[in-house]
Undergrad: 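Dumping the structure here so I can ask a few things about it.
What you see is a predicted model, and the numbers here were worked out from it, not measured in a lab. Quick note on labels: first sequence line is chain A, next is B, and so on, each numbered from 1.
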Protein chains: 2
Amino acid sequence: MTYCLGVITRYGLIMAADSRTNAGVDYVSTAQKLFDLSCPGERVVLVCTAGNLSMTQSVLTLIRRDRKAGVQGNINELTTMYDIAHYFGAKTRQVLEQHQDWLQKDNISASCSFLVGGQIKGELPELYMVYSQGNFLRATRHSPFLQIGEIKYGKPILDRIINYDDTSLDAAAKCALLSLDSTMKSNISVGPPINMAMYEADTLKVGYRLKLERGDPYLLRLRKSWETSLRQAFKKLPNLAWHDNEDQDQDNHLVMTDILP
Amino acid sequence: MTYCLGVITRYGLIMAADSRTNAGVDYVSTAQKLFDLSCPGERVVLVCTAGNLSMTQSVLTLIRRDRKAGVQGNINELTTMYDIAHYFGAKTRQVLEQHQDWLQKDNISASCSFLVGGQIKGELPELYMVYSQGNFLRATRHSPFLQIGEIKYGKPILDRIINYDDTSLDAAAKCALLSLDSTMKSNISVGPPINMAMYEADTLKVGYRLKLERGDPYLLRLRKSWETSLRQAFKKLPNLAWHDNEDQDQDNHLVMTDILP
């Protein structure tokens, strides 16, 4: 499995990905899932990948090959992020058409998905999720993050922290790391190293990036700080008002009705 | 969907459940999913249900009917929690055998699962998860909580807080509520009221129970306290050490290698 996320705020973009890949529990490996297809000064394109690794590799290879060969309509010629998301969708369809039927015969999923975020000169920064079917969805002011892969464990912290208007890029990056760390702690199919990139709006180049290996001191400090604070927060929670089980006339106790008498 | 969880520590048991049920987004309703089948002084049996509501209702109805009719081997005659888990599995198989084929024709899942926790006089408290296939799993000192339904959103907080030896029943109850609250915030298929019961080891009766409706003042205070603390915790996180994108000789920066040159 995989967990990647992209966050867009009015300050720019954060893209982050784990690196675990597995074909069954007996073949666990690492693979890079965050890629930079930018032309600094002209366009920034950051891509995260999830799903069948042979499919996502092929899609990226074809996109790079078109660019290198100067094929008409290659990624460097597209003038909006919308067109780039569309282009990823089209390449995904092309690759899946070649392989899907053969994989289905053996009940292997060919499914894959992408996060595509960035900015083209003269346009606003945008963030898209491209589905395995080739259609795509844009992050909005009200849904300022997108996730692919093993998304559920790390969603509550994003729901509580990320806000398009207020969240700084540094805060978004820390929140992305916590979201990844929570997922790694709860699900072994997501694992280090974590790759992350920060793009500050209107700079037209990827500003910062980092790679955190297993046991990275920052990751350990982040986790320790968070867990210590969570335990303190936990101690500060208001006390529960239990209802005694024999206190039958309380109208908000737990009514253990029989569904058949 | 549904989210139920059970926590066992050396102090006893917490069982909690949401109450949302839906058959498609246009038929959303509430249903009780926490049930008490105890005989105080003799045995405590608490049950949470998830999955196809018509199946879980039938299983509970048959178990109650057997008990009422004094059928040999009914739930009151079983002498261990292991036997009770086995009994739930057998009833589940019986009900699914009656209905599964008909549901499959229309691609409707008959799948259902149970958490069964409690204690029988002279035995230790135990907590089981009964799968739709009728097999069952026991919570252990190292895996002191079990979840059914929409389990992923609420798992990270349990992973960080619950410990068999140290966690008090009050703390386990608060943690269960946070886990439910995080899930309700991130997934609309899980919703109030929340039912929760606390069983203190060796008392042989359900000690306390509570029901929290949407907008319950305690739930709001709990959520507010938690969110305020999380934001403070977030501010205390150590600062990130970004690597400048041009700082190519740093050996731990994000290496954006091309998979094909």
Undergrad: Leu177(B) pairs by side chain to side chain contact (heavy atoms under 4.5 Å, CB included) with which of Leu222(B), Ile14(B), Ile157(B)?
TA: Leu222(B)
Undergrad: Heavy-atom pairs under 4.5 Å with chain B: which of Gln232(A), Arg221(A), Lys185(A), Arg231(A) has the most?
TA: Lys185(A)
Undergrad: Which of the residues Leu158(A), Thr228(A), Asp159(A) is involved in the greatest number of heavy-atom pairs with chain B at under 4.5 angstrom?
TA: Asp159(A)
Undergrad: Most heavy-atom pairs under 4.5 angstrom with chain B, which of Gly154(A), Ala171(A), Pro40(A)?
TA: Ala171(A)
Undergrad: Look at Glu213(B), Lys236(B), Met198(B) and state which one has the largest set of heavy-atom pairs under 4.5 Å with chain A.
TA: Met198(B)
Undergrad: Are Asp66(B) and Lys91(B) close enough for a salt bridge, meaning some N to O gap below 4.0 Å?
TA: yes
Undergrad: Identify which of Ser229(B), Ser186(B), Pro193(B) forms the greatest number of heavy-atom pairs closer than 4.5 Å to chain A.
TA: Ser186(B)
Undergrad: Main chain of Val45(A), side chain of Ser38(A): is a donor-acceptor contact present, judged purely on distance under 3.5 Å?
TA: yes
Undergrad: One pair to check against side chain to side chain contact (heavy atoms under 4.5 Å, CB included): Leu5(B) and Phe145(B). What are the steps and the verdict?
TA: CA-CA 7 Å; Leu5(B) 73 162; Phe145(B) 61 86; 5.7 Å; no
Undergrad: So for Leu237(A), is it side chain, backbone, both, or neither that comes closer than 4.5 Å to the heavy atoms of chain B?
TA: both
Undergrad: Drop me the distance from Lys174(B)'s NZ to Met196(B)'s CE, to the nearest 0.5 angstrom.
TA: 10.5 Å
Undergrad: Which of the residues Asn239(A), Asp170(A), Leu178(A) is involved in the greatest number of heavy-atom pairs with chain B at under 4.5 angstrom?
TA: Asn239(A)
Undergrad: Would you say Glu200(A) has more than 12 foreign heavy atoms packed within less than 6.0 Å of its CD?
TA: no
